[in-house]
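Just so it is clear, the structure is predicted and the values come from calculations on it, not from any experiment. Chain letters run A, B, ... following the sequence lines, proteins first and then strands; every chain starts at 1.
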There are 2 protein chains.
Amino acid sequence: MKRGSMNGQKPANIHDVAAHAGVSIKTVSRVLNREPNVTPKTRDRVLDAVQALSYRPNIFARSLASERSFIIGVIFDNPSAGYVAGIQYGALAKCREEGYHLLVEVFSEGEKDLGERVLTLVRESLLHGIIVTPPLSDSPEVLSALKESGTRFVRIAPERAMPDTLEVRIDDAKAAFDMTSHLIGLGHRRIGFIIGHPGHGAANQRFMGYKAALENAGIKLDPKLCVQGYFSYQSGMEAAERLLTLKNRPTAIFASNDDMAAAVLSTAHKHGLRTPEDLSVSGFDDTLIAQVVWPKLTTCRQPIAEMAAQAVSMLAQPPADKDAPKEALLEHELVIRESTAAPNA
Amino acid sequence: MKRGSMNGQKPANIHDVAAHAGVSIKTVSRVLNREPNVTPKTRDRVLDAVQALSYRPNIFARSLASERSFIIGVIFDNPSAGYVAGIQYGALAKCREEGYHLLVEVFSEGEKDLGERVLTLVRESLLHGIIVTPPLSDSPEVLSALKESGTRFVRIAPERAMPDTLEVRIDDAKAAFDMTSHLIGLGHRRIGFIIGHPGHGAANQRFMGYKAALENAGIKLDPKLCVQGYFSYQSGMEAAERLLTLKNRPTAIFASNDDMAAAVLSTAHKHGLRTPEDLSVSGFDDTLIAQVVWPKLTTCRQPIAEMAAQAVSMLAQPPADKDAPKEALLEHELVIRESTAAPNA
DNA sequence: CCGGAGTTTGACAAGGCTGTCATCAAGCGG
DNA sequence: CCGCTTGATGACAGCCTTGTCAAACTCCGG
């Protein structure tokens, strides 16, 4: 009573299937892994047996033997950030397609032993590859641990390029340029800008794009109109407060992400300013929040789900040649909603 | 050159550690698993070796040999739902504490082969246990697949109780009762209610609580004031539209979740109604959105992160005796913010 | 100093799968 | 009909750990 077709509790294993199909376990393995050199007839017999026994390969045995994992990791700094849902959504869809599972882990930028924890994670040989999200995508500790470990990883929206490293991004500078130009096109001259978190790669790029657009339109940059934020709602409130109490306040505010833009909206309300009549507001990311505030936010859609899907694809593919493209650049899209309009005369 | 302290690329394995410490692999295993009957001296030697070689047990080998997994799964219907972040946050924190990893998977209520997919997931013996979130926590297909598979699972906020099944919940009926009573206490008599998605367990409970509070205050239930929603922002807009165009419109609206409450806010704006002067609005869940809209929402805080943490704990503990508590009931909390006030005279 | 109980340790077989290499059958040119 | 190549299949080791069981050692009372 060791093993066998005995339909007891235990799930069938590869030996059961082999016995049932009248072939060797290796042949079953071949069929399951789509290896070449199996007669269609044999293949069918195996497949039937698989069906009949509801066989599913044990993922641990598989991983152990083949020294590869079918689990892809995503690491976040802050699981409450707006883009998390989008990333998971995109990654999950692609994982399913490619036969992987998705494992989530959180690492806080500041925590001690960060590098050590990252190493532990990969040393367990748990992961096939890792998706690194901002701001972790620029964390020296995480990055060097990852490099050292030899695990493949792809960085989402990193600030600094790294040689020989997989990346997925949009052109943040161009996107911010476009958004700023949209506001200028509407007739705004005094456009406030709320800078994103210094640690996040995209933050600086977006600021550059803003500046470039002003320059392009011949508008002189007013440093008073550029205030530091940290991508959080709270920081957006503070930044908006400063901008709106300026002697010569801006007629439009472009916040580096939607959370801060939502904060601007609410601060403007508090000051008795109507949006967009008295103040245009635009955000960035097109997260859920953009559509849920009133008025709906004009923002820049970052195809975050596609970016994550792309990341999974890159990891799923074999390491590829030296010269394979290391970087995927996706398209952004301006989403004009109700929060921006021409300034009052 | 088979194996050994050869500090090549390959990570150290248990044999290396054993050799380095001058003990058998079994002893190393004992130390690592905190099994009894190891001399402190031996333990220290092993621990030193572990340190020296940066050894981390291979999780796949471990799982294969011990027939247990160190991965807990969470399954969602919709990864963009508001509570997802909270659940992951809480679950992740506890997982880390208990030495587990968290794997995310999405199953859509309607998809075909749902049960089959669930079975596949557990047949791979990938998971130690599964956390089932609404509305999956009441999906017959998912539930029966899970029961059949023998994998332990805990349902978050399920509607119907099931025998011999782990559950974590709040008292939704009581919470809705409290919220409704708060509005009544403010002086409201005509209180609209937006019912949640019929598939979600909590939806019905909350509706019951609303009705009970009215009855308790001697207010007759007006069916026109109760409209069906689906927990989505969009459905909230539609429901609000219907309530606000009523001949005798309510002075307060209690939406079954924050997304719908935010939609009410925005619809009210559109109708030129001020909140809370002309219309009080309250939500449920206290998700991010509640603090980000203007005015900030009065809502009922559901300790979602704690619930998830609790779920992980339940799974982490050994199956426990027959009579161990199967259900954890956590406390809710009314959060009074700016969106509710006494009705205009 | 002996027998027995309890503690500490180790040898070795799983566990389910893939990789390597050998084997066997079929196909083909001469 | 022979020898060779190619395609299809199988036997078996190995991946790294834990579980089982036996061996060795310690401690104790008699």
Tell me: [atom1] of [X] to [atom2] of [N], nearest whole Å?
X: A:Arg123; N: D:dC16; atom1: CZ; atom2: P; value: 15 Å
X: B:Arg34; N: C:dT8; atom1: CZ; atom2: C1'; value: 20 Å
X: A:Asn37; N: C:dT23; atom1: CG; atom2: C1'; value: 15 Å
X: A:Leu64; N: D:dA13; atom1: CG; atom2: P; value: 17 Å
X: B:Glu67; N: C:dA14; atom1: CD; atom2: C1'; value: 9 Å
X: A:Lys10; N: C:dA14; atom1: NZ; atom2: C1'; value: 10 Å
X: A:Asp16; N: C:dG15; atom1: CG; atom2: P; value: 12 Å

Sugar-phosphate means primed atoms, P, OP1 and OP2; the rest is base. With that split, encode nucleotides 17-25 of chain D 5' to 3' as B, S or - using protein heavy atoms under 4.0 Å.
BBBB-----

Pick base, sugar-phosphate or nothing for A:Ser63, based on heavy-atom distances below 4.0 Å to the nucleic acid.
nothing

Look at the side-chain N and O atoms of B:Thr42 and state whether any lies under 4.0 Å from the OP1 or OP2 oxygen of C:dT8.
no

Return no unless some side-chain N or O of A:Thr27 is found under 4.0 Å from OP1 or OP2 of D:dG10.
yes

By nearest nucleotide on DNA chain C, pick out whichever of B:Val23 and B:Phe60 is the more 5' one.
B:Val23

The single option from B:Val154, B:Leu146, B:Val74 that satisfies side chain to side chain contact (heavy atoms under 4.5 Å, CB included) with B:Val132 is B:Leu146

How about B:Tyr55: does its OH atom have over 12 heavy atoms from other parts shown lying under 6.0 Å from it?
yes

Measuring from B:Glu67:CD to B:Arg62:CZ, what's the distance to the nearest 0.5 Å?
15.0 Å

State the NE2-SG distance between A:His101 and A:Cys95, to the nearest 0.5 angstrom.
9.0 Å

Close side-chain approach of A:Thr165 and A:Phe153, heavy atoms under 4.5 Å
yes

Indicate yes or no: does A:Glu167 engage A:Arg155 in a salt bridge with an N to O separation below 4.0 Å.
yes

Salt bridge check: are A:Arg117 and A:Glu111 linked by an N-O gap of less than 4.0 Å?
yes

